[in-house]
Participant: 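Mind looking over this structure? Questions follow.
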Amino acid sequence: MVSASNSLVGATKGTGDTSSGSETYFTDFTGKRDWYGGDNVGSGGVTELANHGFVISRPNWSTNRGATTFYASGTTALSGVISASNSLTGTTAGTATGYNSIHTQSISGGDAVGAVTALANGNYVVASSSWNGSRGAVTVLDGTTGHTLTGSNGSSGDTVSASNGLVGGSAGDKVGLGIVKLAGTSDVIATAREWGSGKGAVTRVSGTAGMAATVSSANSLVGTTPYETSPLGGDNVGNAVTALPNGAYLILSPNWNKTRGAVTFVAAGGTITGTISSSNSLVGTTGAEGNAIYCPSCVNGTPDMFGGDYVGSGGVTVLGNGNVLLASPKWSQQRGAITFINGTTGALVDGTASTTGSISAANSLVGTQAATRYVSSKSRYGNTVGQRYWVGGDQVGSIPEGASAPVDLIGNDRFLLINNNWHNRTGSVTLGKSDGTFAGGGVFAGQVGAANSLIGSTASTLYTPSDLTQENYSLRYNGDRLGSDSYKVLADGRIAIFSPNWSGTLGATTLMNGTTGLVGAVSAGNSAVGTVAGDQVGYGGTYNTYELTNGKTLFVNINAVGTAGAVTELAAGAAFTGTLDATNSLVGAGAGDALGANGAILLPNNRYIISSSFASGGQGAITYHDGTTPLTSTMSLRNSFYGDASLLSFSGLGYKLAAAGMLLMNFNAEGSGRVTLGFADPTGWTYARAAQSQLTIAPSLIERSLNNGTLLILQASNDITINDAIATSANATGNLTLEAGRSIVANANIGLGAGALTLLANNSLAHGVVDAYRDGGNAAITLTGTSIATAGAVSITLAASTDKTNNGAGDIALGTINAGTVDVRNLGSAGGALTLNGAITATGANTSILLATGGAFVNNGGAAALSPGAGRFLVYSADPRNNTLGGLTADGKFYGRTLVTNPPSSLSASDDLLLYSVVPVLTVTGNTTVGYGDAAGNVTPTVTGFIDGDTRATALSGAAATSTSYHAGDAVGGS
């Protein structure tokens with residue numbers, strides 16, 4: 001059971017505890033029961049320190065006073081009750097809010113001590129921006145003792161105060177609202193954008209010595225202008241701080257000086273105090289209209305500010321080498337600016353040694369076209385007449401459509417700036433380098449244009465409402481909006497820019513050199529473009545672009561070619577310009593096909609599937625491409641699977657890989673539905689795939705694979721039957737292997753060009769056969785009426801198997817074979833036969849024909865059945881008495897020879913041989929008698945047992961002789 005003896009616990013339960021074993025709750029208007037006001041130990045999380053100690057945070061402790069408790073790992077038990085004697089705590093409690101409109105309660109206010117930041121040196125910071133009426137405090141503590149580094153009372157039990165931390169001097173200062181860790185040091189930056197009624201302050205706090213002080217211009221960078229009406233009009237210094245990798249940092253204050261804005265650079269190890277000015281910061285020059293808030297009655301009675309440069313409002317992008325890009329999209333009436341800053345020194349590209357002065361075209365890349373100012377007459381939906389607003393403007397540094405930042409890094413040394421808004425949404429794309437230059441050369445400053453950027457040509461038009469009390473003026477989206485569908489860096493380093501709205505929605509995909517960039521206007525000379533309005537080339541951008549492992553890229557444009565759709569396979573480095581058609585792409589058969597509308601799915605070995613649910617008026621189609629031939633032509637039944645024309649679905653064709661290499665096509669909206677199983681990768685037909693099913697494979701699929709040089713292996717746990725001829729091209733090099741758990745039967749011819757043919761029957765569980773689907777009965781290889789022709793090798797094996805439930809094996813029957821080499825082995829059983837029903841011709845050297853069986857060899861092919869060419873044939877069998885040679889003759893024969901003990905390498909290199917495993921046994925009977933000591937005389941024994949036409953003259957050598965060691969009178973058998 002959890003208790004103070006084994007856990008760190010709070011002391012205060014949620015409101016409703018009666019201490020009588022029962023609980024009371026408040027119930028909100030939905031019926032939910034809950035407590036409020038408990039200590040909620042652990043609610044602020046646990047922070048591990050660099051020395052492996054840890055700090056437990058509870059902002060709700062003791063009615064929102066808040067507490068952080070330090071524990072040194074492994075030195076003390078984690079137990080006890082949280083209190084001011086063992087934790088850093090606040091002193092000011094919050095108050096109950098009372099029931100609100102949905103009948104819930106909570107605690108409001110209080111010091112809420114508890115935001116912990118671990119430092120690199122093992123110490124830690126506790127930020128308490130709500131402390132003491134939201135004056136705020138930042139306290140640094142020792143990571144080995146839990147004591148404050150300044151003003152310590154010698155105990156880990158302490159309260160936040162001005163004696164042990166950095167604090168605000170006035171209610172609402174909220175010191176510690178942000179804590180930013182600096183690189184290469186344990187110091188932190190404490191931000192307080194609300195300090196001084198909105199003036200704002202940024203303070204560097206030592207993570208080694210701590211800091212006990214009240215924020216002021218003597219120890220902090222502070223603003224000078226407070227709020228006119230919160231939260232408007234104040235400097236808000238330190239609205240954001242960006243730490244750089246080298247220890248330097250940037251202070252962003254876009255509201256400074258009535259929204260002129262300022263950015264302050266502080267070098268590594270540096271501290272800045274005082275107030276912001278153009279002598280220590282880069283600043284804007286144009287403030288809010290009227291230099292004040294305006295129209296408190298506008299926008300539903302809420303005051304607002306209009307105009308101003310807002311320098312830094314677009315944030316900071318840190319480049320790969322540590323340099324910085326600063327975005328100010330509202331600068332100079334929405335012209336916008338991007339400023340390059342050296343991340344080590346703060347220098348600007350115009351030679352200014354520090355980040356000071358004001359933004360201009362000399363030190364920044366800027367827009368030239370300002371926005372137009374309007375005053376709203378719109379009263380619809382509660383809007384109040386008088387609101388001011390901008391329309392247009394280049395807005396350099398604004399975030400592009402669909403993006404999250406104004407700048408994207410390209411590798412470690414380049415960056416891409418896409419601006420869809422440039423020149424009334426004509427759009428521009430700029431490639432820069434992290435050394436402060438354009439990719440094509442020149443300092444990264446000046447005005448965006450065709451000399452330094454890729455630009456569009458067609459601007460958007462102004463929308464003028466018919467009733468200005470209902471709508472405001474706005475800019476339409478009918479301009480080029482270059483890069484509106486983003487970009488993609490390709491494997492070859494080029495950058496694909498997608499602009500589907502280019503030139504009245506012809507659309508364009510532009511491949512920009514990833515090193516030197518591309519400048520000038522988009523055209524058919526530098527981009528792939530559409531031919532008619534609505535083609536929208538580039539639509540979908542990265543989502544419709546697929547990269548293959550061989551470096552090629554697949555571009556899917558579903559609306560191209562008049563909505564027929566087009567898919568283009570582009571080699572690395574190849575040009576992608578001009579219009580799309582059937583000479584450079586696979587295109588749909590007609591308008592509305594939207595080829596690739598359901599995307600592409602990539603398969604192994606650079607193959608892929610293109611899915612098109614709208615093809616042929618809603619039939620839908622799936623197109624498979626093997627990745628080896630050019631992707632051109634028009635979609636048709638020759639290259640695609642179509643849905644049922646009588647059951648148009650328009651539902652989006654479903655597909656998935658049923659298993660590796662197989663495609664499951666789901667036409668589920670066709671009547672009651674239809675599912676078709678097809679090959680996506682014919683090389684993956686294994687024993688385990690659909691082992692229980694009888695499947696038919698089109699010879700064309702096999703032929704296409706072999707023609708492409710594919711090593712094709714087809715496996716079945718039971719039988720493989722060839723019912724239709726397989727005929728590859730004459731120069732096909734693909735090898736075909738058929739492996740069966742039981743039998744292989746061919747009822748048609750096999751022609752493989754130059755590829756090898758391997759047939760293996762009665763394979764074992766060890767090689768993948770699924771036992772449950774191998775039927776009983778003897779395995780066999782039956783090729784009786786089959787002609788096999790290939791310039792490659794033919795290997796036919798009936799294997800021995802002992803690990804299946806059904807292992808029986810029988811015979812091999814061959815037809816005609818013409819090949820480079822032929823190797824046929826019946827290893828399945830001792831009695832299995834090997835029968836020739838046609839001639840075998842080989843062109844290879846050495847042993848060009850090898851036939852082996854453990855049973856009988858039967859030749860029905862005649863005396864010329866084996867023609868080994870420049871090589872020789874070897875026939876291994878058991879016993880010639882069981883064979884039928886059919887007139888076949890050899891250069892010799894041997895007994896007691898098997899393929900295992902006497903392989904071809906152990907035999908004469910050139911002779912055609914018949915080899916038998918049997919060893920004949922001869923019986924020798926004498927025809928004379930002799931006495932001890934007498935001469936034996938002539939012995940003429942009788943020899944029987946010759947086989948296969950052998951005789952005494954052919955099988956025996958030498959003469960028979962007898963002798964005796966004993967003589968008449970010798971003692972024999974005694975002493």
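We number each residue from 1, following the sequence as shown.
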Participant: NZ/K433 to OG1/T437 distance, rounded to the nearest 0.5 angstrom?
Facilitator: 4.5 Å

Participant: So, is the end of the R425 side chain (NZ or CZ) under 6.0 Å from the ring centre of Y477 and within 45° of the ring's axis?
Facilitator: yes

Participant: Pairs of donor and acceptor atoms involving the side chains of residues 747-757, under 3.5 Å and at least two apart or interchain, shall be tabulated with distances.
Facilitator:
from, atom 1, to, atom 2, distance (Å)
N747, ND2, N723, OD1, 2.9
N749, OD1, S787, N, 2.9

Participant: For the CG atom of D719 and the CD1 atom of I744, what is their distance to the nearest 0.5 Å?
Facilitator: 9.0 Å

Participant: Using a strict threshold of under 4.0 Å (side-chain N to carboxylate O), is an ion pair present between K804 and D771?
Facilitator: no

Participant: Give me each pair satisfying salt bridge (charged side-chain N to carboxylate O under 4.0 Å, His left out) with a member in residues 553-572, each pair once, sequence neighbours excluded.
Facilitator: K552-E569

Participant: Apply side chain to side chain contact (heavy atoms under 4.5 Å, CB included) to T549 and list each qualifying residue two or more places apart in sequence or on a separate chain.
Facilitator: N606

Participant: Can you list the residues that meet the side chain to side chain donor-acceptor pair (under 3.5 Å) rule with T583, with sequence neighbours excluded?
Facilitator: D581

Participant: Scan the side chains in residues 558-567 for donor-acceptor partners under 3.5 Å anywhere in the protein, sequence neighbours excluded, and list what turns up.
Facilitator:
from, atom 1, to, atom 2, distance (Å)
N559, ND2, Q536, OE1, 3.1
T563, OG1, G592, N, 2.9

Participant: With sequence neighbours excluded, what pairs up with D413 under the side chain to side chain donor-acceptor pair (under 3.5 Å) test?
Facilitator: none

Participant: Which side-chain N or O atoms in residues 816-823 pair as donor and acceptor under 3.5 Å with protein atoms at least two apart or in another chain?
Facilitator:
from, atom 1, to, atom 2, distance (Å)
D823, OD1, R825, NE, 2.7
D823, OD2, R825, NE, 3.3
D823, OD2, R825, NH2, 2.9

Participant: Mind jotting down which residue pairs meet the ring pair (Phe, Tyr, Trp, His ring centres under 6.0 Å) criterion with at least one end in residues 546-571? Sequence neighbours excluded, please.
Facilitator: F555-F576

Participant: Taking atom CZ of F498 and atom CG of N557, what is their separation to the nearest 0.5 Å?
Facilitator: 8.5 Å

Participant: Mind jotting down which residue pairs meet the salt bridge (charged side-chain N to carboxylate O under 4.0 Å, His left out) criterion with at least one end in residues 726-736? Sequence neighbours excluded, please.
Facilitator: none

Participant: Could you state the interatomic distance from OG (S743) to CG (N718), rounded to the nearest 0.5 Å?
Facilitator: 7.5 Å

Participant: Kindly write out the residues that satisfy salt bridge (charged side-chain N to carboxylate O under 4.0 Å, His left out) with D492, not counting sequence neighbours, or none if the list is empty.
Facilitator: R494

Participant: Going by the rule side chain to side chain donor-acceptor pair (under 3.5 Å), which residues pair with N526 if we only count those two or more places apart in sequence or in a different chain?
Facilitator: none

Participant: For E547, enumerate each residue passing the side chain to side chain donor-acceptor pair (under 3.5 Å) test, keeping only those at least two apart in sequence or located in another chain.
Facilitator: none

Participant: Please give me the minimum heavy-atom distance between G530 and T579, naming the atom from each residue.
Facilitator: O-CG2, 4.0 Å

Participant: Do L518 and L431 have side chains that get closer than 4.5 Å, going by heavy atoms?
Facilitator: no

Participant: Got a second to check how far S729's OG is from L706's CG, nearest 0.5 Å?
Facilitator: 9.0 Å

